[in-house]
Structures are given as structure tokens and as C-alpha cells.
Protein chains: 2
Amino acid sequence: MNTGQNRKTERRRKEQLARRRAILAAAREVFFARGFMDATIDDIANRCGLAKGTIYLYFKSKEDLYISIMAEGMGRLRRTFEVLKVHPPGDRGLVEKAFRAYYGFYLKNRKYFRIMFLSNQPDVRARAPQELLMRCMDTGRECMTIVRDLVQEGMEHGYYRKVDPWAVANILWASINGIIMAYEHDPIYREEIVGIDLEKMMMYSLDLVMEGLRMKK
Amino acid sequence: MNTGQNRKTERRRKEQLARRRAILAAAREVFFARGFMDATIDDIANRCGLAKGTIYLYFKSKEDLYISIMAEGMGRLRRTFEVLKVHPPGDRGLVEKAFRAYYGFYLKNRKYFRIMFLSNQPDVRARAPQELLMRCMDTGRECMTIVRDLVQEGMEHGYYRKVDPWAVANILWASINGIIMAYEHDPIYREEIVGIDLEKMMMYSLDLVMEGLRMKK
DNA sequence: TCATATAATGACTCTCAGTCATTATATGAA
DNA sequence: TTCATATAATGACTGAGAGTCATTATATGA
């Protein structure tokens with residue numbers, strides 16, 4: 001009989017998963033506080049009470065850890081977007097809702113964005129596990145698919161003019177990212193010199209795109 | 001008399017400037033080829049035939065060098081935009097031209113964009129000379145001012161609806177950056193999975209914004 | 001020609017990612 | 001329970017690279 005054996009190996013797996021989660025939690029704190037370059041593996045190891053070598057039993061590299069945190073963020077994002085799939089038929093303003101959902105996600109999860117932006121750099125990507133990166137991109141694509149379907153639906157109801165919903169979804173996404181990036185890197189300068197706060201800029205951008213989308217009578 | 005003295009110290013200054021330029025040229029090559037993280041100062045020093053220590057006589061840190069290259073890029077960008085200031089009065093499509101100018105600049109100067117994106121990361125910024133960063137941002141702002149004036153002009157001619165030209169300029173800028181960022185990080189994946197190439201995406205985005213801007217009869 | 005100021009050098013220090021031989025722990029058989 | 005074996009954790013160690021600084025070379029001017 002191998003129930004005892006199974007129970008034990010299962011307990012072990014549970015412990016390993018717990019340790020993995022502990023490492024991730026520590027990594028999240030450290031990366032959020034210091035950013036990728038200033039974070040150290042020793043720092044992460046100390047914070048979860050493990051030796052440095054142990055970290056490398058669970059993750060291949062610093063980049064692996066970093067992208068794992070990004071993957072976490074992408075998962076959160078997908079959950080945020082999945083809520084949008086459920087809505088009364090013929091609902092107006094679906095695209096506005098998607099826009100606001102993404103902006104709201106940003107406000108609640110700012111720290112993940114810095115990671116997403118840095119992960120665009122080829123040197124970081126090159127050292128990260130390819131399969132993990134792919135998973136992140138797929139999750140992003142799923143989110144975009146949801147937005148595309150909302151554009152499509154509004155279009156079919158005649159609320160928006162005839163457009164390529166996939167292109168529009170990508171452009172919406174990219175525009176918001178661009179604005180966030182601009183404000184992220186030096187909020188004080190932005191607010192003072194640009195003189196428009198992020199909230200206003202976002203709403204202005206939303207207005208502009210919606211005006212571009214709207215079906216003209 | 002101190003003409004001789006002056007001539008000599010001036011020659012020295014010229015030599016120093018030449019050396020500075022040589023270092024920058026080497027740094028540009030190395031950063032373009034390897035990116036910030038994978039570039040080494042030894043690499044840059046070897047490439048311009050100087051010792052590592054000499055580099056530090058001319059630049060305070062790796063970040064100083066990096067941001068200096070960015071400043072170079074910002075200067076190029078400004079020159080690109082300044083051309084737009086000269087145009088026949090009542091010219092239609094000024095904003096399109098600005099959009100295309102920025103996109104064209106990207107096509108010719110791709111490598112600078114990776115630097116601009118990475119420079120948004122607080123850890124890089126923190127170690128860079130503050131005054132140099134400020135100069136870059138000011139140059140960026142000047143470019144944006146040019147775009148704002150073009151929007152303003154088109155608005156006053158009644159080509160565009162009543163908008164905040166400054167906000168529109170910022171949004172245009174940010175949107176293009178967002179799209180570039182999306183395509184920059186993994187062009188192969190993008191083209192294959194998204195199925196829309198950068199050129200088309202840009203033109204689609206331009207179309208959407210212009211539709212949002214256009215004065216409705 | 002020599003004294004002094006200025007610039008260049010590269011060996012050195014320090015930090016940190018990643019490794020691996022050693023140590024500890026868990027498992028399963030006798 | 002006791003021992004043998006497999007699995008996991010450890011942290012001292014290695015290698016690489018940013019930045020420093022005592023030493024060396026060069027330029028200037030008397």
C-alpha cells in the first residue's frame with residue numbers, strides 16, 4: 001500500500017509550494033521597494049529566512065523571480081478584465097468601462113507596472129525563462145481579447161463606427177500604457193510642468209478615443 | 001601677454017572635448033549593441049582606446065554616460081520637430097505631419113527609444129546627474145510645445161474641434177510611445193500573434209485620433 | 001632644464017549573481 | 001527503532017564588473 005507514501009510526498013509538495021510562495025512574497029516586497037537593479041538576492045533570501053542557494057533551487061535566476069512577479073500581476077489583471085465579460089446585453093459604454101477598469105487596475109497595482117515596463121528591455125527578457133514570458137504575453141493577449149469583444153459588441157449595436165476591433169483594443173491598451181509611463185517616471189515634474197494630473201489626462205484621452213470611435217449620425 | 005597661454009589652454013580644451021566625444025561615440029555603440037545592463041565600462045574604454053579610470057574623469061557614472069546618450073537622442077528629436085514650425089499658413093493636416101514626423105524619427109532612431117524607456121526606471125534616474133535629466137525633460141517639453149502649437153493652429157482654423165491643445169499633444173506623444181513600446185519588446189511575437197504590423201497600427205491610431213479631433217459639420 | 005600642475009592609468013576594492021561541496025533532513029527498509 | 005539512501009538546504013566561494021586612487025606620464029611656464 002502506498003497511501004502513506006503518497007500522503008508524505010504530497011505533504012512535501014505542499015511544503016515546497018509554501019516555500020515557493022514565501023520566496024515570491026519576499027521578492028515582491030524587495031522588487032517593489034528597490035526595483036530590479038537595486039534588489040539583491042541576499043535581500044530576498046534574508047527576508048524569507050532562507051539561504052541564498054535555496055532561492056536558486058526554486059528559481060533559475062533573478063530575472064526568473066522578477067518575471068514571476070510580473071506573471072502574478074498579469075493574473076490579477078486578467079481577473080480584473082474577466083469581470084467585464086458579464087454585462088447586460090446592449091450595454092452602452094462598454095469600452096469606457098474597459099478603459100476605466102484598466103486605469104483602476106493601475107491605481108491599485110502601480111508597482112506591477114514598473115516591472116512590466118522594465119520587462120520590455122531585451123536584456124531582462126533574454127535571461128528570463130522563455131516559457132514564463134510566453135505565459136505572460138498570452139495572459140495579456142487574453143485581456144486584449146476581452147477588450148476586442150467589447151469593441152466588437154458596441155460596433156454591432158451601432159454605437160461605434162466600423163473599425164477593426166482588434167486594432168482598437170491594442171491601441172487603447174498602448175495609449176493608456178504610454179500615458180502611465182509618462183507619469184510614472186517623474187510624477188512631481190509631470191504634475192508641475194505639464195500641469196495636468198494623471199486622472200484628467202486619462203479622462204481626456206478616453207474622451208478623444210471615444211469621440212473617434214463614436215458613430216456619427 | 002597671455003595669448004600664447006590662452007591658445008594652449010584652448011587647444012587643451014579642444015582635445016578634452018574631442019576625447020569626450022570619442023567616449024560618447026564608444027558608449028553609444030556599446031549601449032546600442034548590448035543595452036544598459038549588459039554593457040560594461042571596460043568595453044566602452046577599450047573601444048575608444050582609453051583606460052577605465054579616464055572614463056570617470058569625463059563622466060560621473062555609467063548612468064551619466066547612458067543619460068548623455070539619451071540627451072543626444074532628445075537633441076535629434078528636437079531638430080526633427082523644429083522643421084515642423086515652418087509651414088504655409090492654414091496648412092491642413094499639421095497634426096498628422098507631427099505624428100508622422102515622430103514615427104519617422106522612431107524608424108530612423110530606434111535604438112534611442114530603448115534608452116528612453118529604460119530611463120523611466122527610478123533606479124537609473126536616481127543615479128544619473130539630476131541636471132542632465134532635467135535638460136532631457138526640457139527638450140522633450142519643447143518638442144511637445146511645438147506639437148501643441150500645431151494643434152492650436154488647426155483648432156483656430158476650425159479644422160479641429162475645441163480641445164485642450166496641450167493635453168492633446170501629450171496624449172498623442174504618449175500613445176505613439178505606448179505603441180512603440182508594445183512592438184519594441186518582441187517584434188516577432190507581435191507581428192505573428194497580434195497580426196498587425198507596426199506601420200498599420202500606427203496609421204490606425206493616427207486615424208482614430210484624427211477622427212476624434214476633427215470638427216464635425 | 002627643472003619644478004609644478006594636470007591628466008591618464010590600471011591594479012585594487014567592494015558588491016553581488018550564481019555555484020557547488022558540505023551538512024542536515026526526510027524516507028523507507030530491515 | 002536503526003540504518004542506508006535520497007532529497008533539500010546551506011553558505012563559503014568564484015567570477016564579473018562598477019567605481020577608486022596611488023602611481024606614472026605629460027604638459028606648462030619659469
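Side chains included, hydrogens not; waters and symmetry mates left out as well; all remaining heavy atoms used. Throughout, protein chains are lettered first and strands after them, A, B, ... in sequence-line order, and every chain is numbered starting at 1.
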So, the side chain of Arg125(A) versus the backbone of Asn120(A): is there a donor-acceptor pair under 3.5 Å, distance only? no

Find out whether Leu17(A) and Lys14(A) are in side-chain contact, i.e. whether some heavy atom of one side chain is under 4.5 Å from a heavy atom of the other. no

In whole Å, what is the span from the CZ atom of Arg13(B) to the C1' atom of dT28(D)? 16 Å

Looking at the rings of Tyr102(B) and Phe113(B), which for Trp means the six-membered one, are their centres under 6.0 Å apart? yes

In residues 14-22 of chain A, which ones come under 4.0 Å of DNA chain C, going by heavy atoms? none

Between Leu84(A) and the options Leu150(A), Asp149(A), Val147(A), the side chain to side chain contact (heavy atoms under 4.5 Å, CB included) test singles out Leu150(A)

Protein within reach of the bases, or only the backbone? For nucleotides 9-25 of chain C, mark each nucleotide 5' to 3' as B, S or -, using heavy atoms under 4.0 Å. BB-----SBBB------

Short side-chain N/O contact to dA8(C) OP1/OP2 from Tyr58(B), under 4.0 Å: yes

In the strands shown, is dT24(D) matched to any nucleotide by a Watson-Crick or G-U wobble pair with both distances under 3.5 Å, and which? dA7(C)

dG29(D) -> Watson-Crick or G-U wobble partner, both distances under 3.5 Å, gives dC2(C)

In terms of side-chain heavy atoms, does Glu199(B) have a donor or acceptor partner in Tyr103(B) at a distance below 3.5 Å? yes

Suppose we screen for ring-ring contact (aromatic ring centres under 6.0 Å, His included). Which residues come up paired with Tyr66(B), at least two apart in sequence or across chains? Phe31(B), Phe36(B)

Once you apply the 3.5 Å cut-off to both distances, tell me the Watson-Crick or G-U wobble partner of dA16(D), or none. dT15(C)

Is the distance between the ring centroids of Tyr112(B) and Tyr106(B) under 6.0 Å? no

Could you state the atom-to-atom distance from OH of Tyr66(B) to P of dA18(D) in whole Å? 14 Å

Regarding Glu131(A) and Arg135(A), does a basic nitrogen lie under 4.0 Å from an acidic carboxylate oxygen? yes

